[in-house]
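Okay, so here's the structure we're looking at.
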Amino acid sequence: AQSVTQLDSQVPVFEEAPVELRCNYSSSVSVYLFWYVQYPNQGLQLLLKYLSGSTLVKGINGFEAEFNKSQTSFHLRKPSVHISDTAEYFCAVSWIQGAQKLVFGQGTRLTINP
Amino acid sequence: EAQVTQNPRYLITVTGKKLTVTCSQNMNHEYMSWYRQDPGLGLRQIYYSMNVEVTDKGDVPEGYKVSRKEKRNFPLILESPSPNQTSLYFCASSRTGLDEQYFGPGTRLTVT
């Protein structure tokens, strides 16, 4: 079955420190990959996406992610976080040759401490 | 402004009382979907629709119904709500099921 795993349910970091949020998915066949962010009491908005081309994808708010086909991973990174980055982050995958749907990971709650 | 709207935003109801959560998008998207969000489980798809009059079950469809009579609207119906349907619900739309999805603000439902 197609699945998405976010390995960390919570990640606390200090302000201005780097952060990496991990995401792995179940299959190495062609995929589209997404990271969404959910700020407190809000809906989800897209941070970045990988459809094809360069494996390093840059998104909004200084975030970037790298697609690693052999590791079936799409980890999200930011070199220096701010208090305003406190939110829940969701990785999502769609399998091009599968059902037309997005499958979401369980989410990672990023908490930034001053 | 391109957006997905949901109503109501908050709803408290009792077991067995039928309710409908409306969803509307103004982006002419063909694909629409409903999700529920529960702590530790992420977002799980309830139902989706690839176009008008075309709907299909997602991962957790039990206890829910949907309809897609117009392209812009995709209501979620709970005919006999139960406490295990207490959750945060999101509607989303996109060009196709593979593309970036645009989310509504969410509906927080409590069933007592």
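Reminder, nothing fancy here: chain letters follow the sequence lines and each chain counts from 1.
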**Report entry** Exam field: side chain A:Ser26 to backbone A:Ser3, donor-acceptor pair closer than 3.5 Å
**Finding:** yes

Query raised in the report: So, B:Thr110 side chain and B:Thr86 main chain: donor-acceptor pair closer than 3.5 Å or not?
Result: no

Report task. Tell me, please, whether A:Phe63 has A:Lys78 positioned over its six-membered ring: NZ or CZ under 6.0 Å from the ring centre and within 45 degrees of its axis? Result -> yes

Query raised in the report: Going by atom types only, do B:Ser24 and B:Asn73 share a side-chain donor-acceptor pair under 3.5 Å?
Result: yes

Requested in this report: May I ask you to check whether B:Asp38 and B:Ser87 show a side-chain donor-acceptor distance below 3.5 Å?
Outcome: yes

Query raised in the report: Relative to the ring of A:Phe104, is the ring of B:Phe103 parallel (under 30°), tilted (30 to 60°) or perpendicular (over 60°)?
Result: perpendicular

Engaged part of [X] at the chain A interface, taking heavy atoms whose separation is under 4.5 Å:
| X | answer |
| --- | --- |
| B:Gln101 | both |
| B:Gln45 | side chain |
| B:Leu43 | both |
| B:Tyr102 | neither |
| B:Asp99 | backbone |

Query - Contact residues of residues 82-90 of chain A (partner chain B; heavy-atom separation under 4.5 angstrom) - result: A:Glu88, A:Phe90

Determine whether [X] and [Y] make a side-chain contact, defined as any pair of heavy atoms from C-beta on separated by less than 4.5 Å.
| X | Y | answer |
| --- | --- | --- |
| B:Leu19 | B:Pro81 | yes |
| B:Pro105 | B:Gln6 | yes |
| B:Lys71 | B:Glu30 | yes |

Query raised in the report: Do you know which of A:Val103, A:Val93, A:Leu51, A:Leu46 has the most heavy-atom pairs with chain B at a distance under 4.5 angstrom?
Result: A:Leu46

**Report entry** Per-residue contact mode, A:Gln6 against chain B (heavy atom under 4.5 angstrom)
**Finding:** neither

